[in-house]
Amino acid sequence: MSEFFPDVPKIVYGGPKSRNPLEFKHYNPDEVVDGKTMKDHLRFSVVYWHTFKNGLSDPFGLPTAIRPWDDGSNSVENAQRTARAAFEFLEKLGAPFYAFHDRDVAPEGKNLKESNANLDEVVKVLKDEQARTGVKLLWGTANLFSNPRYMHGAATSPNFDVFAFAAAQVKKAMEVTHELGGTGYTFWGGREGYSTLLNTDMKRELDHLGRFLHMAVDYKKQIGFPGTFYIEPKPKEPTKHQYDSDAAACLNFLRTYDLLGHFKLNLETNHATLAGHEMAHELEVAIGANALGSIDANTGDPLLGWDTDQFPTSFLLTTQCMLAIVKMGGFTTGGVNFDAKVRRESFEPIDLFHAHIGGMDAFARGFKIAKSILADGRLGAFVKDRYRSWDCELGRRAEEGEASFKDLEDYILPKGDAARNQSGRQELLENLINEFL
Ligand code: XLS
Ligand code: NI
Ligand code: NI
């Protein structure tokens, strides 16, 4: 079927020497690495909202995107045609997964009942297309931020009716995600945060959010949805402060409300940047808590202070991501989900292919570089060696909670001054990474 992208063939692996922009240079889906194909290691996913629905408007200008499948109407028919275009794209690209918000795939009706009915009509097409192509749903989610009703938030809205509406919307979104065999369901806070503390009872709002997520956990059990629940941290935008501001804040929230066992984190690169962290930092925080589930792969622009959601092309960035993910043992349920959009000036359908091919190649290359760095072993050995002084009897006891201040005093007093330090060798290690890029 070639209706919407007639000039684009199935994207194949051409190798690093290929000069064809519509071929992969590094991503060879069938190549086996450590007993698993690249396709299964990287689990690439395309997002519905940016790739099929985003008109590329910005705060200063109207949409520019040419999207032949979209007649601009709010009809179910338009949504169904968009779904077919989406699957033609997914199939040609060879992406094994996609992700959506309820309102990306189907138009909102004049009330919830009508919206749910619209969704059901489009889900039929999505189901058929999934069966036809073998493409799977990585995760679903509910859009709890676009409609004006959510101006004060959804689960943290001061308006109880809005809270109830959000609950009903998530209930339905979970049902269709389950019906489509989704491997996960994501909670991104949307507008869960505040613009000013002057009008905000923060503790009460957080309590409400905790309750909301418990109800979601209960409903998950009730319908037997086996997928993973994800929380996606973001520090700001659209609100001044989002409650899920970074990985550490999310983990603290989950722990406080006794939800930690039920959620993993879905980390987004540009959100890490906005939080003042490197993506690698966020990954380490999540992995340390055994809570990394999936990543929203993108990047920001250092000169622009907002969530520009650009496609990741830096090998250094993808290497840093994949070093953490490979060390963790790889993805189990999540994947590399391109929550990324083409620039407003890249308005043609073909740009969507260039963007995804580049992102997939960058991650494939980052994956291989990370594997080489780990196989080389020098980096890991350096880090291990840096802590070797702890590998003594008292060090072990201190790590295991079996030593007291008095024990440490008894140990160090006769030694005189503290032991000699060794260099952190940051520059040497940065050079070492560059050997592999
Ligand atoms: C917005 C978020 C959003 C989530 C899904 O910044 O990244 O796209 O991934 O709701
Ligand atoms: Ni995201
Ligand atoms: Ni984002």
Side-chain angles (χ1 to χ4, degrees), residues 44-59 97-105 108 137-147 150 153-156 166 169-170 173-174 176-177 182-193 209 212-213 216 227-247 249-250 263-277 279 282-283 286 292-301 304-312 317 321 334-343 355 359:
F44 287 125
S45 169
V46 171
V47 305
Y48 216 95
W49 53 99
H50 285 321
T51 299
F52 309 114
K53 293 299 293 177
N54 198 322
L56 307 179
S57 60
D58 71 13
F97 293 100
Y98 74 114
F100 65 66
H101 301 86
D102 49 1
R103 301 298 177 248
D104 306 330
V105 291
E108 183 149 17
L137 178 61
L138 187 70
W139 47 260
T141 187
N143 180 329
L144 305 179
F145 45 90
S146 294
N147 189 292
Y150 293 123
T156 64
Q169 198 181 321
V170 167
M174 283 173 62
V176 303
T177 300
T183 67
Y185 184 92
T186 292
F187 294 84
W188 169 60
R191 294 178 190 273
E192 315 292 21
L209 184 57
F212 192 92
L213 295 179
T228 309
F229 270 177
Y230 304 112
I231 298 257
E232 183 176 323
K234 183 172 181 177
K236 56 188 166 193
E237 197 194 63
T239 67
K240 164 160 84 177
H241 176 82
Q242 303 266 133
Y243 292 134
D244 299 330
S245 55
D246 65 2
C250 287
F263 289 83
K264 300 253 185 236
L265 300 185
N266 176 39
L267 298 176
E268 180 166 323
T269 321
N270 206 165
H271 297 181
T273 310
L274 293 177
H277 303 308
M279 179 62 163
E282 290 293 83
L283 290 165
L292 177 65
S294 199
I295 66 168
D296 272 6
N298 63 17
T299 191
D301 186 309
L304 295 173
W306 73 88
D307 200 11
T308 55
D309 285 338
Q310 288 166 236
F311 276 83
L317 171 66
C321 292
V336 176
N337 181 48
F338 291 109
D339 192 352
K341 62 172 183 258
V342 291
R343 298 303 83 200

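Both counts, for ligands and for their atoms, begin at 1 and track the order of listing.
With hydrogens and angles ignored, the 3.5 Å screen pairs a side-chain donor or acceptor of Tyr185 with a backbone N or O of Ala142. Between the side chain of Glu192 and the backbone N or O of Leu209 there is no donor-acceptor pair closer than 3.5 Å.
The six-membered or imidazole ring of Phe145 lies away from that of Tyr150, with a centre-to-centre distance of 6.0 Å or more.
The nearest pair of heavy atoms linking Leu56 to Asn54 is N-OD1, 2.7 Å.
Remark: the Asn298 side chain and the Asp309 side chain contain an N/O donor-acceptor pair separated by less than 3.5 Å. Using modelled atom types, one finds no donor on one side chain facing an acceptor on the other under 3.5 Å when comparing Trp188 with Asp244.
In this structure, the side chains of Asp296 and His271 stay at 4.5 Å or more apart for every pair of heavy atoms. Residues Phe97 and Thr183 have side chains in contact (heavy-atom distance under 4.5 Å, counting atoms from C-beta outward).
If you take CD on Glu232 and CD on Gln242, they are separated by 10.5 Å, rounding to the nearest 0.5 Å.
Residue-level check: among N/O/S atoms of Asp307, OD2 sits closest to the Ni ion (ligand 3).
The Ni ion (ligand 2) has Glu232 OE2, Glu268 OE1, Asp296 OD2, Asp339 OD2 as protein N, O or S atoms under 2.8 Å away.
A heavy-atom cutoff of 4.0 Å around ligand 1 is satisfied by the protein residues Trp49, His101, Trp139, Trp188, Glu232, Lys234, Glu268, His271, Asp296, Asp307, Asp339.
The aromatic rings of Tyr48 and Phe100 lie perpendicular to each other, with more than 60° between the two planes, well past the 30° mark.
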